[in-house]
Amino acid sequence: MKYISTRGQAPALNFEDVVLTGLASDGGLYVPESLPKFSAEEIQSWAGLSYQELAFKVMKPFVADCMAEEDLKSLIDKSYATFRHKAIAPMVQTGHNEWVLELFQGPTLAFKDFALQFLGNLLDYILKKRDQKVVIIGATSGDTGSAAIEGCRHSDNVDIFIMHPHERVSDVQRRQMTTVIAKNVHNIALEGNFDDCQNMLKASFADQSFLPSDRRLVAVNSINFARIMAQIVYYFYSAIALGAPNREVSYSVPTGNFGDIFAGYLAKQMGLPIKQLIVATNQNDILHRCISANDHTKKTLVHSLSPSMDIMVSSNFERLLFDLYDRDGSAISQLMDGFKSGGMALTDTVMERLQSQFSSYRLDDDETVKVIAEVFEETEYLLDPHTAIGLKAGREVRADQETPVVNLATAHPAKFPDAVKKAVDIAEPPLPHHMSDLFEREEKYTVLENDIQKVHSYISDAL
Ligand SMILES: *Cc1c(COP(=O)(O)O)cnc(C)c1O
């Protein structure tokens, strides 16, 4: 399978090169040239498969020309062996035809483990084959950093440097990163905010001369298509469990960078009968405004109780726009240039297409806390603030009561104790067993000034 850029100017690449390349040279994002399609009979025949078996069926066409079948199987098995729950992505019922898909059973308690456990193993596999080493630099406001570190800690061919804003991530989130003590894992606490971390990341990608000549940078954020691919699987897994392909299923997804819900959109294009895809946002609601009112103006970012969705520019939205604009790379190029300098207005046709594929809803912090309290009262089930936003959006926007709604639970409540404690009268939402000693573990990180020379010499000294 070939992969092409959303801006139409960069060369087409195969899967392996897409994984190593990140952003395309024309500034676009890579997408498959054409998607695999599965017939209803084929999906029917997958009923009862384990998560790993199903992952193999779904991912195979994306990687077929780069990887032997046995290799893909063993990468999948290795990646999901670190999950605590045997079902990998279990479901819990919270109401009539209302389900929570628990995507937090991986090592760092957030859905990002689904993609990053796989990506870590995949990079290791590709790099060993090529006898290459790479450097990963990531910027994190929380969940991505720990999931990336857990994914790469055992990779001999990867050195990983994760920058987080010093004293601005929660203790649980910091400790999940800094207590991983390994030769190839480096945590940098940057004296600045998350934007400073991201700017440092962008500047490092733009000029990689600080690296030894045999090394290059690899991106592990959700512009990496391998992450999206791995996330398609749990849409199939949950829908089949609820009766697909003979029954339609709807999804509500707490959304930030638009990666997770974009995977759902691809699942639908590939043949899964998805009725509604609901984009749920917090106060940083540019996607809700865009979908409901064609308002794509940037506003000041506010810090919410659901920090992993505090995002203004959702990179993966460009992948969707590419489809909505009939895959016209130069149209996307123009649109994104305009967006950089303020906003973008979509044409009527594009708005119609957008609204036929997606619904949306937004919640502020007070409403989020209310939902956590409400659902706990109804069911004694504890939601994390991100999941709460998705669940409420599902309740408000679902088209009917007959179609099951699956709400993606993107994080474990123990990861966001502040929001949970505001809603429910408990001392502290308990950490799962394997992490109960998190606060006793040794930490290792380096505080650095927000100065590119200092960061780069720290990195080159560590290699
Ligand atoms: C990353 C994240 C999100 C947002 O997912 P996107 O793919 O960026 O839209 C939502 N909730 C949690 C807990 C996350 O970590």
Side-chain angles (χ1 to χ4, degrees), residues 29 100-117 119 138-151 164 169-170 172-173 176-177 194 198 219-232 234-235 251-267 277-282 284-288 290-291 301 304-320 358 360 362-363 368 372 382-393 407-420 429:
L29 280 74
V100 167
L101 178 61
E102 292 188 340
L103 300 177
F104 51 68
Q105 303 285 351
T108 74
L109 313 183
F111 83 96
K112 293 189 169 70
D113 288 326
F114 276 85
L116 284 162
Q117 285 291 302
L119 182 58
T140 189
S141 55
D143 297 335
T144 304
S146 55
I149 287 172
E150 283 295 339
H164 69 266
V169 299
S170 78
V172 175
Q173 288 183 319
Q176 283 189 312
M177 300 189 276
F194 176 58
Q198 275 208 303
V220 292
N221 52 9
S222 57
I223 63 167
N224 195 315
F225 187 78
R227 281 187 59 178
I228 308 276
M229 175 186 79
Q231 291 170 211
I232 299 171
Y234 47 70
Y235 286 91
Y251 287 87
S252 182
V253 185
T255 296
N257 220 358
F258 207 77
D260 207 3
I261 192 148
F262 185 70
Y265 165 80
L266 293 184
L277 283 167
I278 301 166
V279 174
T281 77
N282 63 24
N284 299 297
D285 60 355
I286 186 165
L287 286 169
H288 169 61
C290 178
I291 292 166
L301 197 78
S304 75
L305 287 174
S306 43
S308 300
M309 292 153 69
D310 291 344
I311 287 174
M312 194 46 65
V313 178
S314 305
S315 357
N316 285 293
F317 197 56
E318 177 168 342
R319 288 188 157 118
L320 175 71
F358 295 91
S360 68
R362 69 89 93 171
L363 264 76
T368 306
I372 298 174
L382 207 48
L383 298 170
D384 105 286
H386 306 81
T387 308
I389 290 175
L391 185 134
K392 177 69 171 175
N407 300 291
L408 303 202
T410 50
H412 189 286
K415 243 186 146 162
F416 299 97
D418 292 348
V420 173

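Numbering of residues begins at 1 and proceeds along the displayed sequence. We count ligands from 1, going down the list as the structure has it; atoms in each ligand are counted the same way.
D260 and Y251 form no side-chain donor-acceptor contact under 3.5 Å, judged by distance and modelled atom types alone. When only modelled atom types and interatomic distance are considered, N284 and D310 share a side-chain donor-acceptor pair under 3.5 Å. Under 3.5 Å, the side chains of N224 and R227 contain no donor-acceptor pair of N or O atoms.
Ring pair F258/F358 is tilted by interplanar angle, where 30° to 60° counts as tilted.
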Pairwise, report which nitrogen or oxygen atoms of ligand 1 are under 3.5 angstrom from protein nitrogen or oxygen atoms, and how far apart they are.
residue  : atom   : partner : partner atom : Å
ligand 1 : 7 (O)  : G259    : N            : 3.2
ligand 1 : 7 (O)  : D260    : N            : 2.9
ligand 1 : 8 (O)  : N257    : N            : 2.7
ligand 1 : 9 (O)  : G256    : N            : 2.8
ligand 1 : 9 (O)  : N257    : N            : 3.1
ligand 1 : 9 (O)  : F258    : N            : 3.0
ligand 1 : 11 (N) : T410    : OG1          : 2.9
ligand 1 : 15 (O) : K112    : NZ           : 2.5
ligand 1 : 15 (O) : D143    : OD2          : 2.5

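The closest side-chain heavy-atom distance from F114 to Q105 is not below 4.5 Å.
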(message) Using the rule given for side chain to side chain contact (heavy atoms under 4.5 Å, CB included), can you reason through I389 versus M309, listing the C-alpha separation, both sets of side-chain angles and the distance that settles it, and then say yes or no?
(response) CA-CA 10 Å; I389 290 175; M309 292 153 69; 4.1 Å; yes
